[in-house]
Amino acid sequence: MAISLASLHTNTALTPPRILMHGVAGVGKSTFAAESDRPVFVMTEDGLGKLQVPHFPLAMSYGGVAEALDALLTEDHDFGTVVIDSVDWLEPLIWSEACKRNAWASIEAPGFGKGYAEALTVWREYLGKLNALRDQKGMAVIQIAHTDIKRFDSPEHEPYDRYVIKLQTRASALLQEHSDVVLFANYQISVAKSDVGFNRRVTRALGSGARVMHTQERPAFLAKNRYGLPDTLELSWAEFMAAMPQSE
């Protein structure tokens, strides 16, 4: 069938969001996901603590993760959100899967970064399963990641440190591209300077314990969104949904 201008259309209905959240340890990433709409967790690390949410058994291989996602796609259920906790613990399972398929002793065995490039094939299969759950089951997607601090070599400025997603660089870029929202969660911090005498000033970080999530990239951290969200929100699912645009 030939493409014509009659095939043009404008979408007004929003599909469920695909969210990737990274943040400092203990800030409440899993709690945020547990507050989402009828969540079910696919666990690659034992990190639920006291959270009482439906979850699959701890996955010890990529196959276990794939089977859980396939079950959500093929079986009847009432879950509204699939949560992967966490993708940085999923990464070594994906490396093991790539090694098994290619008969490698380790992901470094092929040399020159070829193992990590081949692992992207498995990552894409995994993301395809998440897309199917969003498109066919109407499920929102939340992927949780830990964060790391790395030096960023800017072509415009002096190098500086920033919070990044704790994944191999190419895998991190792929997951960011796939996601509609990348959130960075952290404690809200203010800075106070005080004079201690002898022409010396001391800078102290002050925190109230408030937890926030950032939706727009800044030099200090990775973040993005496709919905025009406020730059910073309180770290809660209710606040996130209140800021989301509504379907027309």
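All residue numbers refer to positions in the sequence shown, counting from 1. Since the model is a prediction, treat every value here as computed from it, not as a measurement.
Gln168 places a side-chain N or O within donor-acceptor distance of the main-chain N or O of Arg170, the cut-off being under 3.5 Å.
Annotation: side chain to side chain donor-acceptor pair (under 3.5 Å) contacts of Tyr126 (sequence neighbours excluded): Gln143.
Side-chain atoms of Val87 and Ile144, non-hydrogen and from C-beta on, never get closer than 4.5 Å to each other. Side-chain contact between Ile142 and Ser36: present, with at least one pair of heavy atoms (C-beta onward) separated by less than 4.5 Å. In this structure, the side chains of Leu20 and Leu183 stay at 4.5 Å or more apart for every pair of heavy atoms. A 4.5 Å side-chain heavy-atom check between Asp161 and Lys150 finds every atom pair outside the cut-off.
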Q: Assess whether side-chain contact (heavy atoms from CB on, under 4.5 Å) is satisfied between Asn225 and Gln216, documenting all intermediate values.
A: CA-CA 7 Å; Asn225 80 89; Gln216 295 281 2; 3.3 Å; yes

Q.
Would Ser172 and Gln176 count as a side-chain hydrogen bond (donor to acceptor under 3.5 Å, both in side chains) here? Give the steps.
A. CA-CA 6 Å; Ser172 176; Gln176 291 176 62; 2.9 Å; yes

(Q) Checking Glu234 against Arg211 for the side-chain contact (heavy atoms from CB on, under 4.5 Å) test, could you report, in this order, the C-alpha distance in whole Å, the side-chain angles of both residues, the deciding distance, and whether it holds? (A) CA-CA 6 Å; Glu234 177 186 335; Arg211 306 173 190 208; over 6 Å; no

Q. When you look at Trp95 and Tyr116, which way does the ring-ring contact (aromatic ring centres under 6.0 Å, His included) test go after all the steps?
A. CA-CA 8 Å; Trp95 291 348; Tyr116 300 111; 5.4 Å; yes

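By the 4.5 Å side-chain criterion applied to Ile, Leu, Val, Met, Phe, Trp and Tyr, Phe152 is assigned to a cluster that also includes Tyr160.
Identified under the ring pair (Phe, Tyr, Trp, His ring centres under 6.0 Å) test for residues 215-235, with sequence neighbours left out: Phe184-Phe221, His214-Phe221.
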